[in-house]
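Read the structure below first, then the notes.
Reminder, nothing fancy here: chain letters follow the sequence lines and each chain counts from 1. Since we're looking at a predicted model, the values are computed, not measured.
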2 protein chains.
Amino acid sequence: MATLTKGSPSRTHATVRATVDLVILTLQAGRPHVLLVERGKEPYRGRLALPGGFLRDGEDLHDAAVRELVEETGLDAGHLHLEQLATYGTADRDPRGRVLTVAYLALAPSLPAPVAGSDASDARWAPVGDEAAPFRLAFDHDQILRDGLERARSKLEYTTLATAFCAEVFTIGELRQVYEALWGMAVDARNFNRKVTRTEGFVVPTGQKRQPATGRPAALYRRGPATALYPPMLRTRVDIEN
Amino acid sequence: MATLTKGSPSRTHATVRATVDLVILTLQAGRPHVLLVERGKEPYRGRLALPGGFLRDGEDLHDAAVRELVEETGLDAGHLHLEQLATYGTADRDPRGRVLTVAYLALAPSLPAPVAGSDASDARWAPVGDEAAPFRLAFDHDQILRDGLERARSKLEYTTLATAFCAEVFTIGELRQVYEALWGMAVDARNFNRKVTRTEGFVVPTGQKRQPATGRPAALYRRGPATALYPPMLRTRVDIEN
DNA sequence: GCAAAAGTGTTGTCTCTACACCCATGA
DNA sequence: TCATGGGTGTAGAGACAACACTTTTGC
């Protein structure tokens with residue numbers, strides 16, 4: 001019944017392999033960093049890529065993401081934020097054949113040294129920022145990274161997710177630096193302080209204080225139970241696409 | 001090297017099939033409706049499900065979503081909103097074997113009669129609303145539907161997407177009914193009017209008017225170029241998860 | 001005292017909410 | 001003239017931006 005024209009997809013159901021790729025973001029020296037691996041195998045051997053790997057038989061997607069995360073960072077996955085980002089399925093995105101990748105976004109407190117090994121010949125934190133100078137990552141990973149960053153940036157606006165970049169206890173100043181690093185703009189420390197401490201459930205005081213290198217000691221806080229931030233903390237005018 | 005323990009995933013790479021499922025929302029009689037099909041084949045024969053189908057060889061994900069959309073609704077896909085929602089990949093979600101599904105969300109202006117045929121023995125618009133009375137859809141489609149609805153609801157807040165539910169030209173009153181239907185709450189018509197008409201690029205006046213059944217004629221508008229809505233139009237306090 | 005970071009107070013502006021009120025039409 | 005929906009005006013509350021000012025430490 002169907003006449004296949006040149007280049008059109010056949011009517012057979014595609015059998016695909018699925019990978020899970022991770023955009024793992026953290027903060028280092030006041031700048032957002034992403035975990036990248038140098039590929040040890042073809043295709044794209046020697047090129048930088050997001051960490052990830054094939055989904056295994058009988059393995060849930062989310063479990064696969066957790067597994068990759070632990071393999072690459074050695075972090076205890078229980079303590080960090082992991083959410084699905086999007087799925088990338090262009091037919092020719094992988095020269096090995098039809099491979100769908102489900103991308104996940106992970107947010108981690110600062111820098112545990114990455115774990116080298118597995119199929120990545122090298123893993124490192126790379127600073128990510130001005131889109132002016134992107135990496136030339138393998139596959140469509142540049143796009144995935146952009147999407148992940150934008151997701152993180154916009155979620156800071158209307159959720160309390162910024163605390164995911166902080167350690168167990170943190171100061172308001174550290175939390176503010178998360179916003180400044182990801183948004184790439186200065187945030188008024190005084191207004192920020194009020195906003196955060198007056199938003200029910202965003203942070204809870206520990207009663208402790210911490211001495212900075214210089215200056216007045218800052219009160220320490222833990223994450224609060226709130227997840228939504230209402231009213232949101234809006235960046236000054238950025239276009240949202242889609 | 002690896003010792004497989006009982007129930008743990010094997011180390012072989014999963015080969016999966018991929019489907020694309022659609023949450024197609026529209027408005028009918030002031031209530032949101034979703035397009036459902038009655039399954040004509042096993043599994044879940046006779047049960048309601050979201051429309052969808054298998055990804056074909058060499059077919060891009062997004063193209064597959066467009067194809068399904070056209071097949072099921074007969075709509076011109078150029079005129080409606082289609083975006084990726086999320087991917088569902090629990091190992092046992094499909095009794096036929098390992099099937100990943102990439103869900104898409106589509107928003108359509110009101111009711112073109114659905115196209116029966118293809119592998120769906122029947123297609124219909126079903127009212128969707130109070131989560132108190134969910135459908136008992138096939139697979140994990142109840143979850144996908146919930147996620148799609150919530151996505152649509154929250155996108156009304158900070159984008160101009162509500163116009164996707166309206167015809168080519170529409171009145172502010174009709175646009176307001178989109179918000180009221182999806183949010184399930186009354187919106188003050190007078191404040192809404194100002195908000196919409198004063199937000200640069202949300203709607204553009206056509207200069208025409210339309211006579212309602214009763215009452216003063218309403219000015220007609222088209223969609224404007226803006227996609228983001230700034231400042232957002234916030235629902236009164238709803239928790240955002242994840 | 002000085003630098004540096006934490007934290008409070010204050011003022012003007014903007015936006016939203018909640019209404020009162022007028023407009024244009026059909027019955 | 002009434003009912004119905006469209007549309008403007010306005011006053012009060014809340015949030016935010018901007019910035020002056022105080023606090024607490026190390027040097």
note: B:M185, atom CE; C:dA18, atom C1'; distance rounded to Å ~ 13 Å
The complete set of side chain to side chain donor-acceptor pair (under 3.5 Å) pairs with one or both residues in residues 160-170 of chain A, sequence neighbours excluded, reads none
For nucleotides 18-23 of chain D, 5' to 3', base contacts (B), sugar-phosphate-only contacts (S) and non-contacts (-) with protein non-hydrogen atoms under 4.0 Å give BBBB-B
Residues in residues 165-181 of chain A with a heavy atom under 4.0 Å of DNA chain C, by number, are A:G173, A:R176
Taken to the nearest whole Å, CG/B:N193 to P/C:dC22 is 18 Å
*asked:* Within the 4.5 Å heavy-atom criterion, are A:C166 and A:L175 side-chain neighbours or not?
replied: yes
Separation of D:dG14 atom P from A:Y230 atom OH, nearest Å, is 13 Å
Next on the checklist: Under 4.0 Å, heavy atoms only, any strand: does A:P217 hit a base, just the sugar-phosphate, or nothing?
Outcome noted: sugar-phosphate
Judged by nearest nucleotide, the residue sitting upstream toward the 5' end of DNA chain D, B:Y221 or A:T214, is B:Y221
So the salt bridge (Lys or Arg N to Asp or Glu O under 4.0 Å) pairs with at least one residue in residues 188-198 of chain A (sequence neighbours excluded) are A:D188-A:R190
B:R151 meets the salt bridge (Lys or Arg N to Asp or Glu O under 4.0 Å) criterion, sequence neighbours left out, with B:E83
Hits for side chain to side chain contact (heavy atoms under 4.5 Å, CB included) against A:T206, two or more places apart or cross-chain, chain-then-number order -> A:V169, A:Q208, A:L220, A:R222
Hits for salt bridge (Lys or Arg N to Asp or Glu O under 4.0 Å) against A:R210, two or more places apart or cross-chain, chain-then-number order -> A:E174
Taken in chain and number order and not counting sequence neighbours, the residues that satisfy ring-ring contact (aromatic ring centres under 6.0 Å, His included) with A:F165 are none
The side chain to side chain contact (heavy atoms under 4.5 Å, CB included) partners of A:E200 (sequence neighbours excluded) come to none
Distance-only side-chain donor-acceptor flag, A:Y88 / A:D147, under 3.5 Å
yes
Residues at least two apart in sequence or cross-chain that pass ring-ring contact (aromatic ring centres under 6.0 Å, His included) with B:F202, listed by chain then number, are none
Applying ring-ring contact (aromatic ring centres under 6.0 Å, His included) to A:Y179 and not counting sequence neighbours gives A:W183, A:F192
| request: For B:A219, answer base if it contacts any base atom (sugar-phosphate contacts may also be present), sugar-phosphate if it contacts only those atoms, and nothing otherwise; contact means non-hydrogen atoms under 4.0 Å. | output: sugar-phosphate
Numerically ordered, the residues 195-211 of chain B set in heavy-atom contact under 4.0 Å with DNA chain D is none
